[in-house]
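A short write-up of the structure that comes next.
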Amino acid sequence: MAARGLLQTVVWLVVLAAILFGAGGGWDWPEAWAYLALSAVSALLIGVWLQRHDPALLEARLSRFHRDQEPWDRLFLALGVPAFVLWLVLIALDARRFGWSRVPLWTQISGAILIALCMVLVWRVFRANRFAAPQVRLQAEQRVVTEGPYRVVRHPMYAAALLYFLGVPLLLGSWWGLLVVPLFTTALGLRAMGEERMLRQALPGYNDYASHTRSRLIPYIW
């Protein structure tokens, strides 16, 4: 993995640890350590793969904002960071500080599996689509991608995010954190619709692709 990507990963893991253990009231939280370990291993494996197979995409993924980004998407990403932080704080308060939730072990294991499946799907997206930048923008020489997970849904990266949003509160042991997932799902759906408006107008062949691949995020549902 490039030095910049490694540094960003380390900083992000430190921030996650500070949020979870700070809000949770201590370091003795095995599920949080498992979450951090899973996050670290996933980021390292995907980063090393990108560095080897698609360094341009890795470089694009390391930047949150871009000069060609849709203006509304800048606001979306800017609001997404504090929303994510507050979500983790809620999970920590629920699972550790106050103990509102009682989540069985098998459910927590299921959460870890969902996070792992999310990372596998993200890797599949990167393997199929070298234009999978984190911003909503039209890139030079961009084409419609129909391979891999794009055969099933039009926004497989967002579908992977849904697995992640379900998995994190389950692994960390918070039913209250799970209640926020519909809000995140709605936000992702709105972003997907906004992205599609841009693609339908500016990317040749996207309308035809959308007519054949009907599902946006969840196969046969939406």
Side-chain angles (χ1 to χ4, degrees), residues 1 4-51 58 61-62 64 77 79-126 132 134 149 156-188 217-218:
M1 184 190 298
R4 181 185 169 198
L6 182 59
L7 177 61
Q8 285 193 11
T9 299
V10 170
V11 170
W12 178 239
L13 290 171
V14 170
V15 170
L16 286 178
I19 294 169
L20 291 172
F21 295 124
W27 301 94
D28 57 334
W29 188 1
E31 294 84 359
W33 286 110
Y35 167 64
L36 292 172
L38 187 55
S39 300
V41 171
S42 301
L44 180 62
L45 291 177
I46 292 176
V48 168
W49 186 90
L50 282 174
Q51 179 64 35
L58 174 60
R61 298 294 308 181
L62 294 179
R64 179 166 294 273
L77 293 182
L79 294 176
V81 173
F84 181 79
V85 170
L86 290 174
W87 182 53
L88 290 182
V89 169
L90 171 64
I91 290 173
L93 292 176
D94 175 19
R96 296 299 293 181
R97 179 80 71 168
F98 301 115
W100 297 323
S101 296
R102 291 291 183 269
V103 178
L105 178 60
W106 69 266
T107 304
Q108 293 177 301
I109 294 173
S110 299
I113 292 173
L114 287 173
I115 296 174
L117 289 175
C118 161
M119 299 307 173
V120 171
L121 182 52
V122 167
W123 169 69
R124 290 291 305 276
V125 170
F126 290 159
M157 184 69 81
Y158 298 164
L162 293 182
L163 297 177
Y164 182 85
F165 292 143
L166 289 170
V168 170
L170 292 179
L171 171 59
L172 295 178
S174 171
W175 296 124
W176 282 93
L178 202 62
L179 293 177
V180 180
V181 173
L183 298 178
F184 286 167
T185 302
T186 301
L188 282 178
L217 301 183
I218 305 173

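Using a 4.5 Å heavy-atom threshold, the side chains of Tyr158 and Val125 count as separate. In this structure, the side chains of Gln8 and Val11 stay at 4.5 Å or more apart for every pair of heavy atoms. Counting only heavy atoms from C-beta outward, the side chains of Thr186 and Leu183 never approach each other to under 4.5 Å.
Put simply, SG on Cys118 and CD1 on Ile113 are 14.0 Å apart, with the number rounded to the nearest 0.5 Å. How far OG1 of Thr185 is from CD1 of Ile218: 7.0 Å, rounded to the nearest 0.5 Å. Note: Leu20 CG to Leu88 CG = 5.0 Å, rounded to the nearest 0.5 Å. Here Ile115 contributes atom CD1 and Leu171 contributes atom CG; the two are 5.0 Å apart, rounded to the nearest 0.5 Å. Rounded to the nearest 0.5 angstrom, Leu172 CG and Ser101 OG are separated by 11.0 Å.
With sequence neighbours excluded, no residue forms a side-chain hydrogen bond (donor to acceptor under 3.5 Å, both in side chains) with Thr107. Residues passing the side chain to side chain contact (heavy atoms under 4.5 Å, CB included) test with Trp33, sequence neighbours excluded: Phe21, Trp27, Leu36. The side chain to side chain contact (heavy atoms under 4.5 Å, CB included) check on Leu114 picks up Leu163, Leu166, Leu170, with sequence neighbours excluded.
The stretch residues 20-35 participates, sequence neighbours left out, in these salt bridge (charged side-chain N to carboxylate O under 4.0 Å, His left out) pairs: Asp28-Arg96. Pairs passing the salt bridge (charged side-chain N to carboxylate O under 4.0 Å, His left out) check and including a residue from residues 164-180, sequence neighbours excluded, do not occur.
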Donor-acceptor pairs under 3.5 angstrom involving side-chain atoms of residues 38-46: please list them, not counting sequence neighbours.
| residue | atom | partner | partner atom | Å |
| --- | --- | --- | --- | --- |
| Ser39 | OG | Tyr35 | O | 2.8 |
| Ser42 | OG | Leu38 | O | 2.8 |

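Between Arg102 and Gly99, the shortest heavy-atom distance links the atoms NH1-O, 2.8 Å. The minimum heavy-atom distance between Pro134 and Leu77, with the atom names listed, is O-CD1, 4.1 Å. Residue Val122 comes nearest to Ala160 through the heavy atom pair CG2-CB, 3.8 Å, listed as atom of the first residue, atom of the second, then distance. Of all the heavy atoms in Ala95 and Trp29, the pair that sits closest is CB-CZ2, 3.9 Å. The heavy-atom pair separating Val103 from Ser174 by the smallest distance is CG2-N, 3.7 Å. Closest non-hydrogen pair, Gly177 versus Asp94, comes out as N-OD2, 4.4 Å.
Within a 6.0 Å sphere centred on CH2 of Trp49, other residues, nucleotides and ligands contribute more than 12 heavy atoms.
Between Tyr164 and Trp87, the ring-plane angle classifies as tilted under the 30° and 60° cut-offs.
Ring pair Phe126/Trp123: centre-to-centre distance not below 6.0 Å.
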(request) Take Leu93 and Trp176, measure what side chain to side chain contact (heavy atoms under 4.5 Å, CB included) needs, and give me the verdict at the end. (result) CA-CA 10 Å; Leu93 292 176; Trp176 282 93; over 6 Å; no
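Formation of a donor-acceptor pair under 3.5 Å by the Arg61 side chain with backbone atoms of Ala132 is found in this model.
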